[in-house]
A.B. asks: 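To start, I am sharing the structure in question, which I have written as structure tokens.
What you see is a predicted model; the values in this text were computed from it and never measured. Lettering follows sequence order; numbering is per chain, from 1.
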Number of protein chains: 2
Amino acid sequence: MSDAHKVLQALGDATRRDMVERLTDTAMSVSALAAPYDMTLTAVGQHLAILEAAGLVKTEKIGRVRSCSLNPAGFAVLDIWTKARRSTWERRLDALGDILDGPS
Amino acid sequence: MSDAHKVLQALGDATRRDMVERLTDTAMSVSALAAPYDMTLTAVGQHLAILEAAGLVKTEKIGRVRSCSLNPAGFAVLDIWTKARRSTWERRLDALGDILDGPS
DNA sequence: ACAATACTCAAGTTTTAACTTGACTGTTTT
DNA sequence: AAAACAGTCAAGTTAAAACTTGAGTATTGT
């Protein structure tokens, strides 16, 4: 399974997408990450493992708490995949658009 | 379910990702699209419906054959989502990168 | 020292999504 | 007109993910 496929598979689940969106704003512990969801901490841990394996999230355990934050590497992979998946025609349009608009 | 979520859900499946990759190169009929997979035409049709609902593929039926091609709109949605999901710091780096590299 | 916190693990259950079956519609070919 | 082709539909089955349970470990607070 390629990196891009791992990333897309990971983001295929609604809970994991929500976790990623919440981590966009701020890093947090596993418990804090789990708080909004009606599921066990174990389940959240499993989602987290998938996100980590995909390179979307990185975690570090200090003492008894594991801090979770976004890992930009995963998003870079996704970006590259998306760009490659466009038709030749569309890529030409994009290049034109970038020139007209300038970098965002 | 938002557009970005539909797109990511759709691309969460390996068969659908492969279909998208094959449609990158050329448009084709449902049968041609189905050929490499060890599954029924019905199953392929179901995958196709999901890709179409996500805005990743567009299809047109002429006579008895349905032609399938990539729909760049879905990829644009994915691109926007990806960009938004990066940390503030990373987004600054991206902007700088774009300026240095110029449009791809 | 004891209790509470913050996870972690293996194994089993449940739910979702993928896939099949069998019958059917409309279109093109012979 | 009949047969083959290209796809579609509803309903059921199967396989894959998500999720839970009931434990256990290491760390921090009282």
Side-chain angles (χ1 to χ4, degrees), chain A residues 1-23 26-71 74, chain B residues 1-23 26-71 74:
Chain A
M1 199 184 202
S2 84
D3 284 355
H5 285 214
K6 263 199 260 185
V7 169
L8 287 163
Q9 171 112 343
L11 293 173
D13 178 79
T15 302
R16 288 194 292 266
R17 280 193 298 274
D18 193 65
M19 287 176 169
V20 163
E21 292 186 358
R22 290 177 51 233
L23 288 173
T26 174
M28 62 185 92
S29 71
V30 177
S31 306
L33 192 61
Y37 312 118
D38 185 22
M39 66 177 74
T40 62
L41 202 59
T42 298
V44 170
Q46 287 162 357
H47 281 305
L48 201 49
I50 291 167
L51 288 171
E52 207 171 355
L56 286 162
V57 165
K58 56 182 191 294
T59 73
E60 191 194 5
K61 192 161 185 178
I62 300 165
R64 65 181 170 182
V65 9
R66 176 174 298 277
S67 175
C68 313
S69 59
L70 229 53
N71 182 6
Chain B
M1 200 183 200
S2 84
D3 284 354
H5 285 213
K6 262 199 260 185
V7 170
L8 287 164
Q9 172 111 328
L11 294 173
D13 179 80
T15 302
R16 288 194 293 265
R17 279 192 299 273
D18 193 64
M19 287 176 170
V20 163
E21 293 185 358
R22 289 179 49 235
L23 289 173
T26 173
M28 62 184 93
S29 70
V30 177
S31 306
L33 193 60
Y37 311 118
D38 185 22
M39 66 178 74
T40 62
L41 202 61
T42 299
V44 171
Q46 287 164 357
H47 282 305
L48 200 50
I50 290 167
L51 287 172
E52 207 171 355
L56 286 162
V57 166
K58 55 183 190 299
T59 73
E60 190 193 5
K61 193 164 183 177
I62 299 165
R64 66 181 170 183
V65 7
R66 176 173 298 278
S67 174
C68 312
S69 59
L70 272 198
N71 182 6

A.B. asks: Are B:R66 and D:dT8 close enough that a side-chain N or O sits under 4.0 Å from OP1 or OP2?
C.D. replies: yes

A.B. asks: For nucleotides 20-26 of chain C, just jot down a letter per nucleotide in 5' to 3' order: B, S or -, based on protein non-hydrogen atoms under 4.0 Å.
C.D. replies: BBB---B

A.B. asks: So which one's nearest nucleotide on DNA chain D is more toward 5', A:I62 or B:V30?
C.D. replies: B:V30

A.B. asks: Tell me which of B:G45 and A:T15 sits closer to the 5' end of DNA chain D, going by the nucleotide each one is nearest to.
C.D. replies: B:G45

A.B. asks: Whole angstroms only, please: what is the CG-P distance between B:D18 and C:dA18?
C.D. replies: 15 Å

A.B. asks: Do B:C68 and B:M19 have side-chain heavy atoms sitting under 4.5 Å apart?
C.D. replies: no

A.B. asks: Output all residues satisfying side chain to side chain contact (heavy atoms under 4.5 Å, CB included) with B:I50, sequence neighbours left out; order by chain, then residue number.
C.D. replies: B:A10, B:R16

A.B. asks: Return yes if some donor-acceptor pair links the side-chain N/O of B:R66 with the main-chain N/O of B:S29 below 3.5 Å, else return no.
C.D. replies: no

A.B. asks: At under 4.0 Å, does any side-chain N or O of A:H47 touch on OP1 or OP2 of D:dA17?
C.D. replies: no

A.B. asks: Can you tell me the distance, in whole Å, between the CD atom of B:E60 and the C1' atom of D:dA6?
C.D. replies: 16 Å

A.B. asks: Nearest whole angstrom, please: distance from the P of C:dC7 to the CD of A:E52.
C.D. replies: 13 Å

A.B. asks: Output the single nucleotide from D:dA6, C:dC7, D:dA18 whose closest atom is nearest the side chain of A:K61.
C.D. replies: C:dC7

A.B. asks: Taking atom C1' of C:dC19 as reference, at what distance in whole Å does atom CZ of B:R16 sit?
C.D. replies: 12 Å

A.B. asks: For B:K61 and B:R64, work out which heavy atoms get closest and say how close.
C.D. replies: CE-O, 3.9 Å

A.B. asks: Find the distance A:M28:CE to C:dC7:C1' and express it as a whole number of Å.
C.D. replies: 17 Å

A.B. asks: Can you list everything that forms a side chain to side chain contact (heavy atoms under 4.5 Å, CB included) with A:S67? Sequence neighbours excluded, please.
C.D. replies: A:A27

A.B. asks: Name the nucleic acid region contacted by A:I50, choosing base, sugar-phosphate or nothing; use a 4.0 angstrom heavy-atom cut-off, strictly under.
C.D. replies: sugar-phosphate

A.B. asks: Roughly how far, to the nearest 0.5 Å, is CG of A:L56 from CG of A:L70?
C.D. replies: 7.5 Å

A.B. asks: What is the distance, to the nearest angstrom, from the CD atom on A:Q9 to the C1' atom on D:dA17?
C.D. replies: 9 Å

A.B. asks: Check whether any side-chain heavy atom of B:L8 lies under 4.5 Å from a side-chain heavy atom of A:L8, and answer yes or no.
C.D. replies: yes

